[in-house]
Amino acid sequence: MNEPVKKSGLFERIAHGYFYGNADEQYIQNEYTNHLSEMQNRELRKIRWRTLFYSAIAGTLGVLLLYVPPHFFPEFFSLWTVKCTLFSTSFDVPVFSLLYGIVLAVAEIYYLVFLNIRAVYKMAIVCNFPPKNDPEHSMHIRSLVNIGVEKNAKNELSIGLNPWQGYSKFTIFMIFIWTKVRATLSNMLFKMLLRRIFGRYAIRILVEIGGVPIMAGFNMYAANKVLKQARVRILSPGFIQQTVMYLHKKYHNNPQFVDLIYDTLQFLAVRKRSFHENHYLLSVNLLKTFNVPLRNTHEVPHNFVEKLQALPEEVQDDVAHLIIIGMIV
């Protein structure tokens, strides 16, 4: 087995320790394949539903613990109140209550990340992925770790592929902000809806607890997204390898096809508008197999479609199939 790669953050270190510390565990005694048995599918369904259930419980407890205790023990949560002045306006800052909320948020984040890491690891074990003799074993582990900690690895940039081609820095920044705040906005809108329904007779704690289904649902959505990414990442390498071998056997002496590889891969990246471990894996294998020199940057040329249309129909079909496969994986 390859040695673990250098880790950068706390969550990555935890994930690497989990993967490599339990490397000998085995659940399903099958060889790795992108075709799962009924037993494997059954185990994966169990992992999914357990993870979604515990994610929902974490969101529910997070809201209840944040709002219920202060409601019943307001004096206790008013401790360490500090009076502050900003722009000639005085207001009280409940230090203890603020610290309590931060501790709850951090604890929930740690729990959810560990839950994701454990689920991704269990899925990999069920599917016997990655095979111990795989020359890209460390890269597969690293990608699973990134998925588990929800780290958007930008590996494509290292080979010159950029899904944000054509986007301004401001647009990318706004997309990032929207991704981070949409759960909070949903929670606020739900509370506003409750206030509209109950009017001035609304009980404050009921309105606050109304955020329970929002946070539970968001946690389930986030966990399900991680599980879907992990499943696709686990099952795709064999399919990617078959695709690359088929194209190499057919076009290794075809300079027209080889010249279009970088354009096609960047076109795929732009269509996805996101970084993805499988796109990196497909790109690296394709470029390596066809001996295409790596580039620092590459953009889709304006005449990409015209270049594609100028190729023989059979080559056009295979490039189209490559694009479809890239979108699927």
For side chain to side chain contact (heavy atoms under 4.5 Å, CB included), just list the numbers for Gln241 and Met245, CA-CA rounded to whole Å, side-chain angles, deciding distance to a tenth of an Å, and then say yes or no.
CA-CA 6 Å; Gln241 192 62 31; Met245 290 298 99; 3.5 Å; yes
Tell me the closest heavy-atom pair linking Ile147 and Ala230, and the distance in Å.
CG2-N, 3.9 Å
Assess whether ring-ring contact (aromatic ring centres under 6.0 Å, His included) is satisfied between His248 and Phe290, documenting all intermediate values.
CA-CA 7 Å; His248 183 258; Phe290 279 89; 5.4 Å; yes
As an exercise, state the distance from CG of Asn155 to NE2 of His279, rounded to the nearest 0.5 Å.
12.0 Å
Can you tell me how far CG of Asn146 sits from CD of Gln229, rounded to the nearest 0.5 angstrom?
10.5 Å
From Tyr54 OH over to Ile57 CD1, what is the distance, rounded to the nearest 0.5 angstrom?
9.0 Å
Give me the atom names and distance for the closest heavy-atom approach of Gln266 to Gly160.
OE1-O, 4.2 Å
Which value, rounded to the nearest 0.5 Å, describes the distance between Leu227 atom CG and Ser55 atom OG?
7.5 Å
What is the distance from atom CG of Leu265 to atom CG of Leu322, rounded to the nearest 0.5 Å?
6.5 Å
Can you list the steps and then say if Asn116 with Val149 is a side chain to side chain contact (heavy atoms under 4.5 Å, CB included)?
CA-CA 7 Å; Asn116 288 342; Val149 301; over 6 Å; no
Go through the side-chain N and O atoms of Glu299 and Asn162 and say whether any donor and acceptor fall under 3.5 Å apart.
no
Considering non-hydrogen atoms only, spot the tightest contact between Ala119 and Thr51 and give its length.
CB-OG1, 3.4 Å
How close do Val329 and Asn278 get, heavy atom to heavy atom, and via which atoms?
O-ND2, 2.7 Å
Does the side chain of Leu268 come within less than 4.5 Å of Glu156's, by heavy atoms?
no
Check residues 312-320 and write down every donor-acceptor pair under 3.5 Å in which the side-chain atom is one partner and the other belongs to a residue at least two apart or another chain.
residue, atom, partner, partner atom, Å
Glu314, OE2, Lys250, NZ, 2.7
Gln316, NE2, Gln309, O, 3.1
Gln316, NE2, Leu311, O, 2.8
Asp318, OD1, Tyr246, OH, 3.3
Asp318, OD2, Lys250, NZ, 3.0
Asp318, OD2, Tyr251, OH, 2.3

CG/Leu281 to CG/Leu286 distance, rounded to the nearest 0.5 angstrom?
11.0 Å
Does the side-chain hydrogen bond (donor to acceptor under 3.5 Å, both in side chains) test come out yes or no for Arg48 and Asn224, once each step is laid out?
CA-CA 7 Å; Arg48 178 173 179 267; Asn224 191 55; 3.0 Å; yes
Search all heavy atoms of Tyr262 against all heavy atoms of Pro293 and return the closest pair with its distance.
CE1-O, 3.4 Å
Mind listing the closest non-hydrogen atom pair of Asp134 and Glu136 along with its distance?
OD1-N, 2.8 Å
Between Leu44 and Met39, does the side chain to side chain contact (heavy atoms under 4.5 Å, CB included) criterion hold? Intermediate values first, please.
CA-CA 9 Å; Leu44 291 178; Met39 182 184 296; over 6 Å; no
Side chains of Phe114 and Arg118 in contact at under 4.5 Å (non-hydrogen atoms):
yes
Name all pairs fulfilling the side-chain hydrogen bond (donor to acceptor under 3.5 Å, both in side chains) condition that reach into residues 281-297, sequence neighbours left out, sorted by first residue then second.
Arg295-His298
Taking the side chain as every heavy atom from C-beta outward, state whether Met215 and Thr60 have any pair of such atoms under 4.5 Å apart.
no
Can Glu277 and Lys154 be said to form a salt bridge (Lys or Arg N to Asp or Glu O under 4.0 Å), step by step?
CA-CA 8 Å; Glu277 295 283 359; Lys154 301 179 179 180; over 6 Å; no
Checking side chain to side chain contact (heavy atoms under 4.5 Å, CB included) for the pair Ile141/His137: CA distance, chi angles, key distance, verdict?
CA-CA 6 Å; Ile141 292 292; His137 186 278; 3.6 Å; yes
What do you reckon, are the aromatic ring centroids of His140 and Phe129 less than 6.0 Å apart?
yes
Who passes salt bridge (Lys or Arg N to Asp or Glu O under 4.0 Å) against Lys307, sequence neighbours left out?
Asp263
